[in-house]
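Predicted model only: the values in this text are computed from it and were never measured. Along the sequence shown, residues carry numbers from 1.
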Amino acid sequence: MSRVGRVERTTKETSVVVEIDLDGHGKVDVSTGVGFYDHMLDQLGRHGLFDLTVKTEGDLHIDSHHTIEDTALALGAAFKQALGDKVGIYRFGNCTVPLDESLAQVTVDLSGRPYLVHREPENMAPMIGSYDTTMTRHIFESFVAQAQIALHIHVPYGRNAHHIVECQFKALARALRYASERDPRAVGILPSTKGAL
């Protein structure tokens, strides 16, 4: 059974199309107009082994906020759609990823309940190209709200802003991959004592 989600989101500020295949091979085609954000979404698809297409046109003449936010919202909604009924998945996933001097620890629960805990080093460089580093947390807030998952991200140390952000996306990709994969020992079983996720 195909596990593909597709979401189109259009406002006065942005036009977004996201398609994700959870059982893909890491094929990525991303264009948001924000170079570093494209790079991060590429990491998400490749390390999660998700086939991911993202096409966003936004009001970049103002700044990148709406473009980044609306893309994350659409991505979360597409991920939730692709998960379907969640029968037979592992549900939980975690991964720790180093990137030179930086380290990210990510744990997810595909619980149906949105919750984010996010900690990264303070006093990071404010910009990476045209990417505002204060948007990283907001990306995850937006994704979690629509995907309806619990997400814990902790970067206990790091110095370079590029590395600090990138290791978070790589660890998230792997954690989502592990959580959303089908468990061969739980075929037809919903991983919840409540009977719903």
Worksheet item: Which atom names give the shortest non-hydrogen contact between Val108 and Ala179, and what distance separates them?
Response: CG2-CB, 3.6 Å

Discussion item. The test is side-chain contact (heavy atoms from CB on, under 4.5 Å); show your working for Leu103 and Thr96 and say whether it passes.
Written reply: CA-CA 7 Å; Leu103 185 78; Thr96 299; 3.6 Å; yes

Discussion item. Counting C-beta onward and ignoring hydrogens, is there a side-chain heavy-atom pair between Glu19 and Val4 closer than 4.5 Å?
Written reply: yes

Worksheet item: Quick one: CD on Gln148 to CD on Gln146, what's the gap to the nearest 0.5 Å?
Response: 8.0 Å

Worksheet item: Is Leu99 reachable from Phe36 through a run of I, L, V, M, F, W or Y residues, each pair having side-chain heavy atoms under 4.5 Å apart?
Response: no

Discussion item. Using every non-hydrogen atom in the two residues, find where Pro114 and Ala145 come nearest and quote the distance to one decimal.
Written reply: CB-CA, 4.1 Å

Discussion item. Could you check whether any side-chain heavy atom of Val106 comes within less than 4.5 Å of a side-chain heavy atom of Cys95, counting everything from C-beta outward?
Written reply: no

Discussion item. Asn160 vs Asp100, test: side-chain contact (heavy atoms from CB on, under 4.5 Å). Steps then yes/no.
Written reply: CA-CA 9 Å; Asn160 179 274; Asp100 296 346; over 6 Å; no

Check residues 162-178 and write down every donor-acceptor pair under 3.5 Å in which the side-chain atom is one partner and the other belongs to a residue at least two apart or another chain.
unit_1: His162; atom_1: NE2; unit_2: Glu166; atom_2: OE1; d: 2.9
unit_1: His163; atom_1: ND1; unit_2: Glu101; atom_2: OE1; d: 2.8
unit_1: Glu166; atom_1: OE1; unit_2: His39; atom_2: NE2; d: 3.3
unit_1: Glu166; atom_1: OE2; unit_2: Lys170; atom_2: NZ; d: 3.1
unit_1: Gln168; atom_1: OE1; unit_2: His118; atom_2: NE2; d: 2.8
unit_1: Gln168; atom_1: NE2; unit_2: Glu120; atom_2: OE1; d: 2.9
unit_1: Gln168; atom_1: NE2; unit_2: Ile164; atom_2: O; d: 3.0
unit_1: Arg174; atom_1: NE; unit_2: His47; atom_2: O; d: 3.2
unit_1: Arg174; atom_1: NH1; unit_2: Tyr178; atom_2: OH; d: 3.3
unit_1: Arg177; atom_1: NE; unit_2: Glu181; atom_2: OE2; d: 3.4

Discussion item. Between Ile128 and Thr133, is there a side-chain heavy-atom distance shorter than 4.5 Å?
Written reply: yes

Worksheet entry | Ion pair check, Glu57 and Lys55, cut-off under 4.0 Å | no

Fill in: Atom of Ala196, atom of Leu190 and distance for their closest heavy-atom approach
N-CD2, 3.4 Å

Fill in: Residues Thr136, Tyr131; criterion side chain to side chain donor-acceptor pair (under 3.5 Å); working and verdict
CA-CA 9 Å; Thr136 303; Tyr131 177 87; 2.7 Å; yes

Item to complete: Test side-chain contact (heavy atoms from CB on, under 4.5 Å) on Arg182 and Asp23 and set out the steps.
Response: CA-CA 10 Å; Arg182 293 186 173 101; Asp23 301 311; 3.4 Å; yes

Discussion item. Set out, in order, the CA-CA distance, both residues' side-chain angles and the distance that settles side-chain contact (heavy atoms from CB on, under 4.5 Å) for Tyr157 and Val155, then state yes or no.
Written reply: CA-CA 6 Å; Tyr157 48 82; Val155 182; over 6 Å; no

Worksheet item: Do Glu141 and His138 have side-chain N/O donor and acceptor atoms under 3.5 Å apart?
Response: yes

Item to complete: Show your reasoning for whether salt bridge (charged side-chain N to carboxylate O under 4.0 Å, His left out) applies to Asp21 and Lys27.
Response: CA-CA 10 Å; Asp21 182 347; Lys27 296 178 183 176; over 6 Å; no

Discussion item. If I compare all heavy atoms of Gly5 with all of Ala82, which pair ends up nearest, and what's the gap?
Written reply: N-CB, 3.4 Å

Worksheet entry | Contact summary for Tyr37 and Ile139, nearest pair of heavy atoms | CE1-CD1, 3.5 Å

Fill in: Sidechain N-carboxylate O distance under 4.0 Å for Arg9, Asp70
yes

Fill in: Atom pair OG1 (Thr107) and CG (Leu151), whose distance is rounded to the nearest 0.5 Å
8.5 Å

Fill in: Phe79 and Phe143 aromatic ring geometry - parallel, tilted or perpendicular at 30°/60° bounds
tilted

Worksheet item: Side chains of Gln105 and Pro156: closer than 4.5 Å at any heavy-atom pair?
Response: yes

Discussion item. Could you tell me if Thr71 and Thr32 have a donor-acceptor pair between their side chains, going purely by distance under 3.5 Å?
Written reply: no

Fill in: Ile68 side, atom CD1; Thr14 side, atom OG1 - distance, nearest 0.5 Å
12.0 Å

Worksheet item: Looking at side-chain heavy atoms only, is the closest gap between Ser180 and Leu83 below 4.5 Å?
Response: yes

Worksheet entry | Residue list, side-chain contact (heavy atoms from CB on, under 4.5 Å) with Arg113, at least two apart or on another chain | Arg91, Asp109, Ser111, Lys194

Response to the item:
Nearest heavy-atom contact between Gly158 and Ser102 is CA-OG, 3.3 Å

Fill in: Distance in Å, Arg119 CZ paired with Arg137 CZ, rounded so as to fall on 0.5 Å steps
9.0 Å

Worksheet entry | Straight-line distance of Arg3 CZ to Leu22 CG, nearest 0.5 Å | 5.0 Å

Fill in: Over 12 non-hydrogen atoms of neighbours within 6.0 angstrom of NZ in Lys80
no

Practice prompt. Going by the side-chain contact (heavy atoms from CB on, under 4.5 Å) test, name the single residue among Val18, Thr56, Leu44, Leu41 that passes it with Val30.
Written response: Leu41

Discussion item. So Arg6 and Val17, do their side chains get closer than 4.5 Å, heavy atoms only?
Written reply: yes

Worksheet item: Any salt bridge between Lys12 and Asp59, counting N to O under 4.0 Å?
Response: no

Item to complete: Would you give the length of the straight line joining atom CD1 of Ile89 to atom CG of Leu197, rounded to the nearest 0.5 angstrom?
Response: 6.5 Å

